[in-house]
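All chains are named by letter (A, B, ...) in the order of the sequence lines, taking the proteins before the strands, and each is independently numbered beginning at 1. All of these numbers come straight from a predicted model, not from anything done at the bench.
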Amino acid sequence: MSDAAEFPADDRPAVRYGPELANQIERHWQDRWALDGTYHAPNPSGELLVGIGTDELVERPKLYVLDMFPYPSGTGLHVGHPLGYIGTDVFARFKRMSGFNVLHAMGYDAFGLPAEQYAVQTGQHPRVTTEANIATMRRQFRAMGLGHDDRRSVATTDVSFYLWTQWIFLQLFDAWFDVEAGRARPIAELVGEFESGARLVVDDTHPEGRRWDELSPLGRRAVIDAHRLAYLDEAAVNWCPGLGTVLANEEVTAEGRSERGDFPVFKRNLEQWKLRITAYAERLIDDLDLIEWPEPIKLMQRNWIGRSEGARVTFEVAGEAGLAVEVFTTRPDTLFGATYVVLAPEHPLVDGLVTRAWPQDTPSSWKGAGSSAMPDAPTGGWPTPAQAVAAYRRHTSATSDLDRQIDDRDKTGVFTGAFAVNPTTGDAIPVFLADYVLMGYGTGAIMAVPAHDTRDFEFATTFDLDIVEVVAPPPAWFAGHDLEPSATADQWPEAFTGEGLATGSSNDEISLDDLPTPEAKAAITEWLAAIGAGELAVTYKLRDWLFSRQRYWGEPFPIVYDEHGLPVALPASMLPVELPEVDDYAPTVLDDDDESLPAPPLGRATDWATVTLDLGDGPKAYRRELNTMPQWAGSCWYYLRYLDPTNDDAFVDPEVEAYWMQGARSDGAPTFGGVDLYVGGVEHAVLHLLYARFWHKVLFDLGHVSTPEPFQRLFNQGYILAPAYRDSRGVYVEAASVTGDEASGFVDPAGNPVLREYGKMGKSLKNAVSPEDVYDEYGADTLRLYEMSMGPLDTDRPWSTRDIVGVHRFLQRVWRNLVDEATGESRVLEVEADDALRRLLHQTIDAVTTEMEALRFNTAVAKLIELNNALGRVVGPLGGTPVEVADALVRMLAPLAPHIAEELWSRLGRDGSVVWAPYPSADPALLVTETVSVPVQVDGKVRARLELAAGLDPAGAEAAALADERVVAALGERTVAKVVVVPDRIVNIVTR
RNA sequence: GGGCGCGUGGCGGAAUCGGCAGACGCAGCGGACUCAAAAUCCGCCGCCGCAAGGCAUGAGGGUUCGAGUCCCUCCGCGCCCACCA
């Protein structure tokens with residue numbers, strides 16, 4: 001490159017396909033496509049009825065191809081971003097050419113932290129930044145030749161979009177989950193059932209149920225509000241002072257820090273909006289069977305929802321009539337071995353349980369003495385249970401989840417002074433408080449069976465509690481621990497958590513002894529039910545979705561509070577509730593130990609925060625909800641808005657929704673989700689994909705969408721990795737500035753040695769490569785082709801700038817085969833291809849079609865290169881390319897490298913755009929060959945290759961193989977024991 | 001700690017159903033063209049070996065006429081979850 005100036009420019013062919021020509025062609029066709037609306041997909045009705053394929057709408061089956069839409073970042077795209085976008089674009093183009101009406105659009109997930117943080121720093125309104133960033137990204141997508149229907153592009157921050165996000169929130173607010181029906185229903189139907197007396201109001205204080213007219217008006221509202229799918233709840237939430245907001249469980253890392261920003265997260269009791277996703281736990285698991293998603297993703301969702309089956313068991317509190325602790329266990333078969341009970345520190349029953357004084361002979365460790373959790377405990381422990389409990393609770397609430405991990409899982413806890421009765425043995429067993437029991441799971445209380453649960457074993461060892469064997473471990477387990485099988489459980493080094501035969505588990509009424517675990521579970525559960533001390537139960541790890549954020553740049557809730565402080569939904573006619581102007585966008589960021597309540601930025605819009613409205617009972621003053629929705633809200637339904645983005649009357653027209661979401665699949669298989677192909681990164685496996693499925697199911701239950709699932713087929717594209725370099729301090733150095741190689745070592749510009757590693761391309765590793773750099777050197781088609789050819793779409797792969805030239809040379813050779821580089825004249829000849837070339841062409845069409853269909857673009861490109869290389873060998877002698885080959889090659893190239901294909905298409909003199917040209921189809925007659933090359937093995941080693949007639953019978957193949965001189969030589973003295981013939985594939989002669 | 005997945009030339013990768021291991025590309029080597037270079041074209045290119053041949057898909061074992069592919073053990077790497085009763 002650098003030497004170019006030394007040589008006269010006219011040394012090079014005038015019309016060679018290189019960066020200048022590529023860029024010129026690309027700009028030209030991008031303009032043309034935009035002008036012609038080439039990528040407009042017609043709707044069956046409404047404003048978007050028009051589109052190129054409108055005339056054929058009836059015959060063309062629909063296909064909805066979707067990308068996980070991006071956050072419009074200010075730094076723009078690097079070449080790692082568009083891998084999936086190029087993949088969907090290639091697929092969408094291929095399917096369009098194959099006769100489908102393809103919907104492919106791109107939107108922007110534009111609420112969120114970076115724009116808000118930028119606004120905090122600069123005072124610029126986040127909308128300004130957001131819109132500028134969106135404009136940049138649109139330009140970048142266009143420069144890549146992505147064929148999106150730009151009429152359908154939406155941003156979650158558009159008022160005309162978030163109006164409908166708010167509308168969907170109202171649907172959640174105005175619905176309840178009918179457990180018997182297993183689905184959501186309008187809340188009005190619940191009220192109707194209460195009013196008619198068909199349903200009684202049941203709660204803890206009135207388990208027998210009350211009639212609706214026995215309740216006060218406020219009481220009725222409380223009952224209704226408690227049923228809604230969107231409800232206010234005072235509960236322990238993940239409070240992140242560093243971000244000044246609360247977070248959903250899914251947004252908190254295993255280390256107890258915020259996924260964004262990595263700040264510590266604390267448990268805090270706050271009243272916040274929640275969405276009742278737990279009501280859908282069962283269906284969210286079951287319906288995974290209906291959809292074509294990668295198994296690992298399904299597994300991650302199942303694990304996240306975390307269904308477990310077991311029993312709820314009631315433990316009466318000794319000496320306290322009517323007081324009982326409910327526990328959940330997956331191992332009811334071990335109930336005879338329960339030697340103590342543990343409650344979560346926040347458990348509401350604790351205050352009622354705590355005794356006035358310690359029972360006699362309570363060990364000092366039970367009273368908190370020497371506990372790492374309570375260094376302030378007096379020697380000998382706290383004087384009373386109440387003081388110990390209070391101290392322990394102080395400890396746990398002040399500890400972030402992170403610190404709990406640092407504690408290295410040392411079991412801590414205190415005795416409450418109370419005892420519970422094991423329903424099987426009648427024994428009074430101590431009741432403890434410990435933070436290894438979580439309030440949010442099960443009943444917030446457990447029965448501890450130290451012999452058969454690792455955690456209980458550790459706790460029992462720490463506090464010197466009884467360890468009683470009730471499941472017999474197999475002999476191998478004892479042998480593995482160097483124990484005699486007669487060793488009692490208190491001699492075991494660890495719990496035996498496996499299944500086995502029950503032992504020591506009998507009383508006057510029931511015996512589990514010698515029953516295998518599954519049968520023991522069934523037997524004990526039945527017995528518990530009979531005596532009213534327990535029942536079968538299913539529990540989930542999934543918690544309801546915390547939906548409030550103390551942020552400015554998010555959707556305002558369509559909710560106001562009345563004089564009772566109760567929430568009132570605004571009618572749909574009052575939407576949108578627009579974000580007010582404020583003078584400071586900053587969240588209230590607090591120190592970790594600051595106990596003050598979160599103050600949402602919307603509270604600073606004092607004129608807006610209170611409002612006088614007539615909601616049916618005359619003008620009244622209301623206070624607005626000041627929290628905003630989390631960033632996930634818009635991404636829960638954007639794919640539905642692409643369908644009908646200009647509709648002012650509904651979030652999507654039912655006819656349009658049915659057309660795109662329900663339409664028949666080409667292979668006739670039933671579909672349960674509407675989007676035919678959804679491509680995105682694996683990092684959304686539980687967050688976005690679970691939330692979106694939940695919203696979709698609610699909309700389905702309420703009759704607003706027609707499929708139970710949103711995404712029929714999911715595909716996870718891999719990441720593009722790139723070398724990154726760190727200096728001696730461990731700081732990343734701008735990768736582009738590093739020189740040197742593996743052998744001599746890598747150095748930074750100052751000459752200091754740096755170490756190479758590989759990581760996800762991006763800003764943080766300083767190893768991003770911008771697409772513009774690739775365009776300058778090769779053009780956008782080369783970038784597309786390179787990204788598609790570097791490996792399977794679903795695996796991570798290292799970016800290698802050096803390798804790009806390979807696909808560029810391929811495009812150059814295609815160009816040269818069809819266009820005279822010196823003159824620009826067409827080299828396409830009106831002659832027929834010879835038999836060999838024609839056969840290769842049709843074999844290539846056949847193979848490439850299969851590969852494209854399966855998203856294996858890397859091998860599709862390889863096949864095209866092979867065809868083009870073969871073509872290159874005949875172009876010389878022939879003086880050009882036979883038209884049938886040129887035509888098909890250009891069509892096959894079109895999805896992958898649309899610009900050069902469009903240019904060649906027009907140079908071929910074809911009418912219209914290649915975008916809408918039919919994909920070539922292979923002639924089956926040309927796929928069969930007369931002879932096949934069959935390897936002949938002797939004892940598994942290839943000794944000869946025979947040209948045999950295709951379809952030759954095994955006897956014929958065997959005879960031909962045994963007659964071959966190389967085979968005879970290889971056999972030598974050995975005698976043939978057996979001959980295996982796979983017709984047209986292989987012959988194996990076995991001598992042993 | 002638990003679960004899931006993956007290990008193929010110097011590199012990215014191919015081998016779709018148990019049937020020719022290494023398609024295609026990069027890098028490398030040799031040649032043609034050229035005064036020369038660039039570009040282009042042709043050829044070679046897993047390892048050992050002059051060759052015949054032998055050895056090769058992380059290591060070891062098994063099933064099979066035949067294993068990169070299926071089974072078992074081990075090693076390495078990656079991802080997810082992680083006190084969930």
Integer angstrom distance from the P of B:rG2 to that of B:rG25: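 Per the computed distance, 46 Å lies between those P atoms.
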Euclidean distance, atom [atom1] of residue [X] to atom [atom2] of [N] [Å, nearest integer]:
X        : N      : atom1 : atom2 : answer
A:Glu853 : B:rU16 : CD    : P     : 18 Å
A:His808 : B:rA27 : NE2   : C1'   : 18 Å
A:Gln937 : B:rA67 : CD    : P     : 9 Å
A:Asn988 : B:rG19 : CG    : C1'   : 9 Å
A:Ile297 : B:rG5  : CD1   : C1'   : 12 Å

message: Heavy atoms only, 4.0 Å cut-off, all strands: where does A:Thr329 land among base, sugar-phosphate and nothing?
response: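 Counting heavy atoms under 4.0 Å across all strands, the contact made by A:Thr329 is with sugar-phosphate only.
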Does [N] have OP1 or OP2 sitting under 4.0 Å from an N or O in the side chain of [X]?
X        : N      : answer
A:Asn869 : B:rG25 : yes
A:Gln812 : B:rA39 : no
A:Lys941 : B:rC55 : yes
A:Arg809 : B:rC26 : yes
A:Asn858 : B:rC24 : no
A:Ser308 : B:rA85 : yes

Selected nucleotide, minimal atom distance to [X] side chain, candidates [options]:
X        : options                : result
A:Pro296 : B:rU16, B:rG13, B:rC4  : B:rC4
A:Leu299 : B:rG25, B:rC65, B:rG3  : B:rG3
A:Ile865 : B:rC41, B:rC24, B:rC26 : B:rC24
A:Pro792 : B:rC83, B:rC65, B:rA14 : B:rA14
A:Arg16  : B:rA39, B:rG54, B:rG12 : B:rA39
A:Trp304 : B:rC81, B:rG66, B:rC41 : B:rC81
A:Arg797 : B:rG13, B:rA23, B:rU16 : B:rG13
A:Lys541 : B:rC81, B:rA27, B:rC65 : B:rC81
A:Thr859 : B:rG25, B:rC26, B:rA15 : B:rA15

No-H, no-angle donor-acceptor pair, A:Asp803 side chain to B:rC26 base, under 3.5 Å: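 Per atom types, no contact qualifies.
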field: Polar side-chain contact A:Lys411-B:rC83 base: donor and acceptor under 3.5 Å
entry: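 Result: at least one qualifying N/O pair found.
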query: Mapping A:Thr330 and A:Val942 to their closest nucleotides on RNA chain B, which lands nearer the 5' end?
result: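 This one resolves to A:Val942.
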query: Stepwise, does the side-chain hydrogen bond (donor to acceptor under 3.5 Å, both in side chains) test hold for A:Asp544 with A:Thr278?
result: CA-CA 5 Å; A:Asp544 275 343; A:Thr278 51; 2.6 Å; yes
Counter-base of [N], judged by Watson-Crick or G-U geometry with both distances under 3.5 Å:
N      : result
B:rG53 : B:rC48
B:rC70 : B:rG62
B:rG7  : B:rC75

Pair A:Thr443-A:Glu326, side-chain hydrogen bond (donor to acceptor under 3.5 Å, both in side chains): steps then yes or no: CA-CA 6 Å; A:Thr443 61; A:Glu326 277 225 319; 6.0 Å; no
- request: Hey, can you tell me if A:Phe496 and A:Trp477 have their rings parallel, tilted or perpendicular (30° and 60° cut-offs)?
  value: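 Aromatic pair A:Phe496/A:Trp477 classed perpendicular.
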- prompt: Angle class for the A:Phe432/A:Phe463 ring planes (parallel below 30°, perpendicular above 60°, tilted otherwise)?
  reply: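 It falls in the tilted class, 30° to 60°.
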message: Please determine whether side-chain hydrogen bond (donor to acceptor under 3.5 Å, both in side chains) holds for the pair A:Tyr786 and A:Thr801, giving the CA-CA distance in whole Å, both sets of side-chain angles, and the decisive distance to 0.1 Å.
response: CA-CA 10 Å; A:Tyr786 172 62; A:Thr801 301; over 6 Å; no
- request: Report the distance from atom CE of A:Met447 to atom CG of A:Leu335, rounding to the nearest 0.5 Å.
  value: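 Separation between the atoms: 5.0 Å.
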